[in-house]
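Comments concern the structure below.
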Amino acid sequence: MLSLRDPIRLIPVLFLALIAAGTILLSLPLATADGTRAPVLVALFTSTSAVAVTGLIVTDTPVYWSAFGQGVILLLFQVGGFGIMTAATLFGLMAGRGFGLRDRMATQVERSLLGGGDAASVLRLVLAITLVVEGVTAAILALRFALAYGLPLPAALWHGLFHSVSAFNNAGFSSFSDSVMGFQSDPFVLVPIMVAVILAALGFPVMQDLRRHRLRWRRWSLHSRITVTGTAALLSLGFAAILAMEWSNPDTLGPMGTGSRLLNAAFHSVMPRTAGFNSLNVGAFHDETIMVNFFLMFIGGGSAGTAGGIKVTTFFVLFAIVLSEILGRRDAGLFQRRFGRAVERQALSVTVLAATLIFAATTYIASISALPLDDILFECISAFATVGLSTGITADLPPSALLVLCALMFVGRVGTITVATALALGQRERPYRYPEENPIVG
């Protein structure tokens, strides 16, 4: 008989297997532009970053990797974002194998859905939305690259496809050496990327609500309401903060016209939501802008999508708990719905574990390198939240620090899914309760 815990163990193992396969492929001589074997650590870091849809790099992607190597990277972040079990189950369905209980449960774990009847419909929805959004975005970008920048059609198609898949999977990898900094004033490049990132970062449960109920807000689930309103609030906050803080910065928004300033502030309010593209030099941001990025990266995007971080719903559940304590309310909740105690404990557990891992990793890397602490913290949050933005220190980190970042990227992509699901499925009621006694808090 299938144990409920089998899928929880299966998902990390399959992600590790994909990372190992990617490392082997990227270690082949034909994966590099000069035909030499990539060092194992470079191949491992790149493979982990791609599978975890992060985008942190230690080499210049279009210069260091050959067409084969870039193709492997694209395949890794497509499968990593789409979901290993989702992809495997889809292939099984296409081969006529059917959709068994194990497949349903594993897909539910990976997509963070616990409803037994939802897995098949979610699978179809994931595939349809992925193909449509990636296809439309790729077509728009390819046409723009060909018509406005004179790229040959094959090159334009490749760059369009690469950025489309990378954007929808929130991967942040670019086939240009400077990411998208060469298109700072081009809304026909930046806006399609932003839209693809936002759609994927909302998560598939929100898309499923949209498919079923359209814009009938009252029929949406509480999860969708929190995710959409929370995303809008965070994007607005990020836009206003970046615009105000970087308006006169001569190394970022300062030299631009008003339209380009607005466009790039909007773009960089979206990217910390775990996408990782940059149209501005992140290393030139003011310290206060970096702090805003800390906040946005740590929260991340919506659950059951391609985004990372602790997730929007987790943050707003904690916010509601704090608000209820301040107001002296017995129950915490939003939109005239109260949260269950189990959800509150899950949100607290995920947040504390995330903060602890980031703190430990930052402390370790700071102890073995002379790099600025704020840059190291930025890198660690970016790795855990699978963002991919960097102040430019990734390639300067010592080998052991890169391995720590690999671990953070893996845990950030897989760990929050499995931990949250394990907590939800692992509820056990003891036949007894200890006497109550309250310690002093605060």
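All heavy atoms count here, side chains included; hydrogens, waters and symmetry mates do not. Note that the numbering runs from 1 along the sequence shown for the chain.
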Any non-hydrogen side-chain atom of [X] less than 4.5 Å from a side-chain atom of [Y]?
{"X": "F378", "Y": "I290", "answer": "yes"}
{"X": "L202", "Y": "T227", "answer": "yes"}
{"X": "Q184", "Y": "L190", "answer": "no"}
{"X": "I73", "Y": "F77", "answer": "yes"}
{"X": "E134", "Y": "N169", "answer": "yes"}

**OP:** May I have the step-by-step check of side-chain contact (heavy atoms from CB on, under 4.5 Å) for R413 and T54, ending in yes or no?
**Re:** CA-CA 9 Å; R413 178 70 183 111; T54 304; over 6 Å; no
Original post:
Centroid-to-centroid, F316 to F335, below 6.0 Å?
Top reply: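 Centroid distance F316-F335: not below 6.0 Å, so no.
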**OP:** Measure centre to centre between the rings of F277 and F183, then say whether the value is under 6.0 Å.
**Re:**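 No, ring centres 6.0 Å or more apart.
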Specify the closest pair of heavy atoms between [X] and [Y], including all atoms of both residues, with the distance to one decimal.
{"X": "V58", "Y": "A395", "result": "O-CB, 3.8 Å"}
{"X": "F15", "Y": "V414", "result": "CG-CG2, 3.5 Å"}
{"X": "T23", "Y": "L44", "result": "OG1-CA, 3.5 Å"}
{"X": "S164", "Y": "V133", "result": "OG-O, 4.2 Å"}
{"X": "P272", "Y": "N293", "result": "CG-OD1, 3.2 Å"}
{"X": "F295", "Y": "L234", "result": "CE2-CD2, 3.8 Å"}

Mind checking the [atom1]-[atom2] spacing from [X] to [Y]? Nearest 0.5 Å is all I need.
{"X": "M271", "Y": "L296", "atom1": "CE", "atom2": "CG", "value": "12.0 Å"}
{"X": "I226", "Y": "F319", "atom1": "CD1", "atom2": "CZ", "value": "11.5 Å"}
{"X": "F410", "Y": "L16", "atom1": "CZ", "atom2": "CG", "value": "3.5 Å"}

**OP:** Tell me, yes or no, whether the heavy-atom count around M291 atom CE, taken from other residues, nucleotides or ligands under 6.0 Å, exceeds 12.
**Re:**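 Count not over threshold, so no.
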Original post:
side-chain contact (heavy atoms from CB on, under 4.5 Å) between F285 and M245: does it pass, once the steps are laid out?
Top reply: CA-CA 9 Å; F285 279 168; M245 296 171 180; over 6 Å; no
Original post:
Is there a donor in the side chain of T386 and an acceptor in the side chain of T274, or the other way round, less than 3.5 Å apart?
Top reply: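 Looking only at side-chain atoms, T274 and T386 do not form any donor-acceptor pair under 3.5 Å.
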